[in-house]
Amino acid sequence: MRKIFPADDLARDGRFMRVNQMERMNDPRTANRPGDDAGEPGQTKKRRAFDFRPDMPDAPDAARSLMHGIFMGEIQALEGAGRTCWDFEVGDGPEQTPFELKLNMARQCWDETRHCEISVKLSEWMGTEIGEFSEATFLYEAACNPDPVMRLTGVNRALEGLAIDVFNTMKEFGNTVGDPILEFCEDWMLADEVTHVKMGSDWLRRLTEKDPERRERALEFQRIVDKIFSLGGARGEEEDSPIKLARRFRELAGFATDEIDEIAGISHEARFEMDERIAAKVAALDAS
Ligand SMILES: [Fe+2]
Ligand SMILES: [Fe+2]
């Protein structure tokens with residue numbers, strides 16, 4: 001069986017729609033969008049007339065889109081963890097992995113398989129058809145990095161860290177709207193995600209203990225992924241951030257306070273840049 005399996009060759013049936021990351025993020029049904037009045041000439045644009053609240057008419061669609069995106073992530077996390085069991089020889093070299101790391105990845109495969117099953121049933125419960133929203137393969141691509149430490153920072157710490165924030169937000173949304181199925185599905189997956197992120201934190205520290213340059217490269221990769229997947233600042237700590245940074249669960253997953261502060265800062269920066277882009281677009285529309 002070949003090593004480093006390309007994303008284009010991942011097996012999907014006809015229900016799934018593959019797009020690039022930019023197209024996925026530009027889907028107007030997501031939580032990552034400006035307020036409805038954005039683009040109206042002469043109007044002061046509101047940043048984000050959106051939140052996961054029962055009185056927000058767009059909340060159900062955004063929740064369905066978000067959870068379908070998570071479902072795609074569960075499939076790819078399973079595929080990525082499976083690849084990490086296979087792609088490397090056992091050893092302590094930079095392109096090898098300790099056997100215990102492979103055991104962790106095997107356990108993760110088991111969890112992600114269960115998350116796929118939960119996600120399929122939750123989609124049905126939420127009124128979503130598989131393939132109703134598109135699939136981008138960024139998570140799997142991050143899991144193809146030739147350095148296993150990069151895989152664990154990009155996937156386990158950055159993207160599964162985002163999953164912690166999403167699951168916690170959706171769990172609270174389920175509680176607020178009185179939907180115990182949504183709430184408990186999120187709670188169960190959240191518990192496993194904390195373990196997966198903790199694996200990433202532990203292996204990052206262990207494998208780079210004597211190699212500060214490798215650690216810095218891995219952390220820089222994580223910062224880039226964290227910025228892209230703060231979803232234009234939709235994930236953050238502002239009062240109106242639709243997806244809240246879940247500090248307590250991140251601490252349990254091995255993040256130090258200054259690391260969580262840094263992610264909050266990256267999200268704030270991404271939000272500022274998104275605001276600038278929206279303002280420029282509105283100004284261009286006004287001018288035309
Ligand atoms: Fe998962
Ligand atoms: Fe996971």
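One-based numbering, in listed order, for ligands and for the atoms of each. As the structure is a prediction and not an experimental result, all values here were calculated from the model. Sequence positions, counted from 1, serve as the residue numbers for this chain.
Taking the N/O/S atoms of Glu112 in turn, the shortest distance to the Fe ion (ligand 1) belongs to OE1. If you look at His196 and ask which of its N, O or S atoms sits nearest the Fe ion (ligand 2), the answer is ND1.
Under a 3.5 Å cut-off, the side chain of Gln96 and the backbone N or O of Gly93 do form a donor-acceptor pair.
The existence of a salt bridge linking Asp111 and Arg107 is confirmed by a sub-4.0 Å separation between a basic side-chain nitrogen and an acidic carboxylate oxygen. Looking at Glu259 and Arg250, no side-chain N of the basic residue comes within less than 4.0 Å of a carboxylate O on the acidic one, giving no salt bridge.
At a cut-off of 2.8 Å, Asp192 does not coordinate the Fe ion (ligand 1) through any N, O or S atom.
Distance check, rounded to the nearest 0.5 Å: CZ of Arg223 to OG1 of Thr153 gives 10.5 Å.
Geometry at the Fe ion (ligand 2): OE1/Glu193 and OE2/Glu160 form an angle of 90°, nearest 10 degrees. Angle ND1 (His115) to the Fe ion (ligand 1) to OE1 (Glu74): 100°, rounded to 10°.
Tracing side-chain contacts under 4.5 Å through hydrophobic residues (I, L, V, M, F, W, Y), one reaches Met274 starting from Val282; they form part of the same cluster.
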